[in-house]
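Here is the structure we will look at, set down as structure tokens.
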Amino acid sequence: MEITSSAPAKVILFGEHSVVYDKLGIAGAVNPRTNITIKENNKLKICLSDYKENITTTFDEISCTLNKIEKLQKERKYQDLKVLSGNRILMIKTVIGKALNKKECRPFELKIKSNIHIGGFGSGSAIFASTAAAVQLFSRQKLDKQKIAEAANLGDTICHGGTPSGIDASAVTYGGYIEFQKSRGLNPIQIKNKLPVVIGITGIPAKTSETVPHVRELKEKNPEKMNKHLNEMHNIAIEGIKNIKKGNMEKVGSLMNENQNHLEQIEVSHSKLEKLISASLNAGALGAKLSGGGGGGIMIALCRPEDQERVAQAIEKAGGTSLITEMGVEGVRKEL
Ligand code: PMV
């Protein structure tokens with residue numbers, strides 16, 4: 001038996017970082033996707049094709065890894081989780097452990113091939129969600145999106161250094177456009193018109209596992225100042241969603257610019273991101289901001305359709321890689 005599953009990337013339109021503190025976030029699923037293939041094997045094997053990493057493991061080891069991570073999470077040992085954030089195999093083992101049907105432990109070989117650029121696109125979440133989906137199907141379970149999102153979010157707990165909001169895992173699992181708030185969960189949004197965006201890739205890896213803990217530390221040191229920014233980002237996201245629904249794209253663009261100002265104030269931006277943002281605004285974008293963890297990674301510019309090409313060229317000229325892509329694509333799925 002061979003099963004292939006896939007999950008898309010995501011971009012955050014409003015609310016990265018503030019969403020970690022129970023503020024509103026808005027995200028959309030975008031192409032490209034990750035692909036996971038799983039098939040019976042005489043040993044339990046994990047292959048990360050993109051990194052040429054191959055390991056053989058056991059179900060006992062998977063179970064020990066899961067227990068260790070869940071214990072660190074429960075005890076809020078964020079520093080210990082942050083130290084593990086570079087360990088790709090450990091994250092995959094944790095997700096497999098979470099998704100596995102313990103009564104159906106036949107060994108398998110799991111192959112991961114991701115076409116998603118690393119940093120800002122939720123590439124980790126996409127890998128975790130499609131891994132969880134493949135493992136569910138292989139161990140004779142139905143595709144259960146809630147459980148997939150939970151398993152993916154546990155992977156993000158390591159990947160984001162302790163406190164993921166859950167927006168990435170929800171966006172790549174459910175697909176489309178979502179509103180997300182930690183305490184209220186996700187709410188799919190129906191958007192009539194597609195949002196014409198251009199994504200700019202800085203080429204500098206996003207530092208989500210550093211920026212999330214950095215914001216946490218700044219908030220501990222200066223709660224008043226940080227809460228002000230986080231609350232304002234929440235209000236911007238509320239206005240953002242209202243205006244997206246109304247189709248008032250000029251206003252959505254100016255809210256994105258405001259959101260970017262706050263992201264700069266909470267120290268998660270980067271000069272290269274700001275260079276690409278300025279270039280796209282000068283080329284006629286309605287608004288632009290970083291998207292995702294920041295510290296590098298990607299930015300997103302909202303444009304009129306007729307300006308997309310010009311904005312993409314301006315991003316390239318400023319030293320970035322541009323991507324005109326479709327938003328609101330399907331979430332995790334079994335590939336035929
Ligand atoms: O860098 P990404 O694509 O993993 O996005 C991180 C989004 C944050 O809001 C910064 C963290 C989170 O868990 O929501």
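Side chains are part of it too, since the values below use all heavy atoms of this structure and drop only hydrogens, waters and symmetry mates. Order of appearance sets the numbers: ligands from 1, and atoms from 1 within every ligand. Keep in mind that this is a model prediction, so the values were computed, not measured.
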What is the nearest protein non-hydrogen atom to atom 3 (O) of ligand 1, stated with its residue, atom name and distance?
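Among all protein heavy atoms, the one nearest atom 3 (O) of ligand 1 is Lys10 NZ, 2.6 Å.
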Give the residue, atom name and distance (to 0.1 Å) of the protein heavy atom nearest atom 12 (C) of ligand 1.
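Among all protein heavy atoms, the one nearest atom 12 (C) of ligand 1 is Ser165 OG, 3.3 Å.
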Backbone or side-chain N or O of [X] under 3.5 Å from ligand 1 N or O:
| X | value |
| --- | --- |
| Thr163 | no |
| Asp168 | yes |
| Val212 | no |

Identify, by atom number and element, the atoms of ligand 1 in contact range of [X], meaning under 4.0 Å from any of its heavy atoms.
| X | result |
| --- | --- |
| Glu16 | 9 (O) |
| Gly120 | 1 (O), 3 (O) |
| His17 | 8 (C), 9 (O), 10 (C) |
| Ile12 | 7 (C) |
| Pro164 | 13 (O) |
| Thr208 | 1 (O), 2 (P), 4 (O), 6 (C) |
| Val19 | 9 (O), 14 (O) |
| Ile167 | 14 (O) |

Does some non-hydrogen atom of [X] fall short of 4.0 Å from ligand 1?
| X | answer |
| --- | --- |
| Ala206 | no |
| Gly297 | no |
| Asp156 | no |

Any non-hydrogen side-chain atom of Phe128 less than 4.5 Å from a side-chain atom of Leu154?
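The answer is no, as the side chains (C-beta and beyond) never meet within the 4.5 Å cut-off.
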Given side chains that start at C-beta, do those of Tyr174 and Lys145 come closer than 4.5 Å, heavy atoms only?
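Heavy-atom side-chain distance check passes, below 4.5 Å.
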Spell out, yes or no, whether Ile158 and Val83 are grouped together once hydrophobic residues are joined by side-chain heavy atoms under 4.5 Å, including indirect joins.
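No, because Ile158 and Val83 fall into different hydrophobic clusters, even though each may have its own neighbours under 4.5 Å.
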Cluster question for you: counting only ILVMFWY and a side-chain heavy-atom cut-off of under 4.5 Å, with indirect links fine, are Leu302 and Ile300 together?
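In one cluster: yes.
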Just wondering, are more than 12 heavy atoms of other shown residues or ligands nearer than 6.0 Å to CZ in Arg76?
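No - once you tally the heavy atoms of other residues, nucleotides and ligands closer than 6.0 Å, there are 12 at most.
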Mind listing the closest non-hydrogen atom pair of [X] and [Y] along with its distance?
| X | Y | value |
| --- | --- | --- |
| Asn259 | Ile236 | N-CD1, 3.8 Å |
| Glu274 | Ser269 | OE2-OG, 2.6 Å |
| Leu90 | Asn87 | N-OD1, 3.1 Å |
| Gly284 | Asp307 | O-OD2, 3.7 Å |

Distance-only donor-acceptor pairs under 3.5 Å for side chains of residues 328-336, two or more places apart:
from   : atom 1 : to     : atom 2 : distance (Å)
Glu330 : OE1    : Arg333 : NH1    : 3.0
Arg333 : NE     : Glu335 : OE2    : 2.7
Arg333 : NH2    : Glu335 : OE2    : 3.3
Glu335 : OE2    : Ser6   : OG     : 2.5

